[in-house]
Amino acid sequence: MTMSSIKIECVLRENCHCGESPVWEEASNSLLFVDIPAKKVCRWDSLSKQVQRVTLDAPVSSVALRQSGDYVATVGTKFCALNWEDQSAVVLATVDKEKKNNRFNDGKVDPAGRYFAGTMAEETAPAVLERRQGSLYSLFPDHHVEKYFDQVDISNGLDWSMDHKIFYYIDSLSYSVDAFDYDLQTGKISNRRSVYKLEKEEQIPDGMCIDVEGKLWVACYNGGRVIRLDPETGKRLQTVKLPVDKTTSCCFGGKDYSEMYVTCARDGLDSKGLLQQPEAGGIFKITGLGVKGIPPYPYTG
Ligand SMILES: O=C(O)[C@H](O)[C@@H](O)[C@H](O)[C@H](O)CO
Ligand SMILES: [Zn+2]
């Protein structure tokens with residue numbers, strides 16, 4: 001008989017305004033993540049517990065590994081290459097040029113090395129924004145950009161099925177986790193459908209990752225939890241609550257990708273909330289889930 005003994009620990013009190021886009025970098029035993037409004041990319045070394053930070057000149061909403069070394073990131077409305085050593089960002093492509101109030105939000109690399117990321121109007125308060133201003137894009141390895149669809153409210157979590165035939169996607173204000181058929185060869189998506197509708201107490205779906213069993217883990221903003229979903233049956237399999245309300249995203253990492261890392265936000269909490277949740281904006285590690293994740297795919301351009 002196996003006993004589940006889930007442990008949740010704040011491993012870094014970073015006080016992120018809005019922590020997002022956790023990515024495990026196996027080569028450095030580190031967790032990368034961003035603080036969007038602080039315009040920061042952080043790299044936390046899980047062995048030394050030290051953090052390195054790079055500050056950019058616009059909100060940075062996602063970061064990803066790059067096959068040739070270093071990283072790529074979405075900064076403002078630009079896909080950028082990030083040089084960690086000299087802290088510079090080189091623009092690879094710009095989107096939404098006519099939408100001055102837009103910025104990128106969540107992004108992730110597909111199994112073929114394309115960098116997917118969507119946009120949204122800038123928020124005046126968490127989840128308060130001009131609606132339907134966002135679009136979903138991907139940056140191909142040759143640096144050209146393809147647009148998939150527009151009319152997005154808050155482009156958020158994304159991942160691909162283990163067989164690479166399905167693309168999962170969250171537009172937060174739809175309160176739905178959606179699936180598309182995915183053509184890995186061309187990067188094209190089709191046949192959108194909902195695989196899970198959030199329940200009221202689960203609040204707003206935000207970042208997402210898949211585990212080796214093909215189940216989806218969704219961070220619930222304002223819900224203080226991550227939920228595990230079976231996209232085939234549409235059922236929730238598990239709820240893991242955290243001691244902070246504004247959980248934003250999750251990824252697997254650590255030894256054999258057996259640990260889960262969760263980001264969260266401080267922004268949107270009042271002074272009482274901040275007193276009750278002193279670890280808000282920190283990085284959480286969940287162990288004992290009994291399921292592993294998969295390594296992040298690097299951008300191949
Ligand atoms: O983290 C993100 O994805 C957005 O940039 C955030 O602003 C929140 O998610 C949003 O406010 C709630 O949906
Ligand atoms: Zn998000």
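Remember, it's 1-based here, ligands and their atoms both numbered in the order they're listed. Every heavy atom of this structure was used, including side-chain atoms; hydrogens, water molecules and symmetry mates were not.
Counting only heavy atoms of the protein, atom 12 (C) of ligand 1 lies nearest to Tyr221 CD2, 3.6 Å. The protein non-hydrogen atom at the shortest distance from atom 2 (C) of ligand 1 is Glu20 OE2, 3.1 Å.
Checked by distance only, ligand 1 and Asn105 come closer than 3.5 Å through their nitrogen or oxygen atoms. Among the atoms of Glu123, some N or O lies under 3.5 angstrom from an N or O of ligand 1. Residue-to-ligand polar distances keep Pro126 apart from ligand 1: every N/O pair is separated by 3.5 Å or more.
Of all the heavy atoms of Ala265, none lies under 4.0 Å from any atom of ligand 1, so neither backbone nor side chain is involved. By the criterion of a heavy-atom distance under 4.0 Å, neither the backbone nor the side chain of Leu173 is placed next to ligand 1.
Of the residues listed (Tyr115, Tyr182, Tyr299), the one engaging Asp110 in a side-chain hydrogen bond (donor to acceptor under 3.5 Å, both in side chains) is Tyr182, and it is the only one. Of the candidates Arg228, Arg236, Arg225, Arg236 is the only one forming a salt bridge (charged side-chain N to carboxylate O under 4.0 Å, His left out) with Glu202. A ring pair (Phe, Tyr, Trp, His ring centres under 6.0 Å) with Trp24 is found for one member of Tyr261, Phe252, Tyr297 and no other, namely Tyr261.
When each atom of ligand 1 is checked for a heavy atom of Arg103 under 4.0 Å away, the hits are 5 (O). Using a 4.0 Å cut-off to heavy atoms of Ile36, the atoms of ligand 1 that qualify are 5 (O). Atoms of ligand 1 lying under 4.0 Å from at least one heavy atom of Cys18, given by number and element, are 1 (O).
Residues Ser30 and Ser28 have side chains that bring a donor and an acceptor to within less than 3.5 angstrom of each other. Judged purely by distance below 3.5 Å, without hydrogens or angles, the side chains of Asn102 and Thr77 never pair a donor atom with an acceptor atom. For the residue pair His17 / Asp267, a side-chain donor-acceptor distance below 3.5 Å is found, with atom types taken as modelled. Residues Ser258 and Asp256 have side chains that never bring a donor and an acceptor to within less than 3.5 angstrom of each other.
Crowding of Lys147 atom NZ: a count of heavy atoms from other residues, nucleotides or ligands under 6.0 Å exceeding 12. Few gaps surround NZ on Lys49; more than 12 heavy atoms of other groups in view lie less than 6.0 Å from it.
Considering each of Asp153, Ile204, Val34, the one bringing a non-hydrogen atom nearest atom 13 (O) of ligand 1 is Ile204. Across Leu129, Asp206, Ile154, heavy-atom proximity to atom 8 (C) of ligand 1 is greatest for Asp206.
Within the 4.0 Å heavy-atom cutoff, His17 does not count among the residues contacting ligand 1.
Around the Zn ion (ligand 2), the protein contributes the following N, O or S atoms under 2.8 Å, ordered by chain and number: Glu20 OE2, Asn156 OD1, Asp206 OD1.
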Are Phe79 and Tyr137 close enough, and set up right, to give a ring-ring contact (aromatic ring centres under 6.0 Å, His included), and what steps lead you there? CA-CA 10 Å; Phe79 283 108; Tyr137 298 98; 7.3 Å; no
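Sorted by first and then second residue, the ring-ring contact (aromatic ring centres under 6.0 Å, His included) pairs with a member in residues 45-75 read Tyr71-Trp84; sequence neighbours excluded.
Both tests hold for Arg114 against Phe140: distance to the six-membered ring centre under 6.0 Å, angle to the ring axis within 45°.
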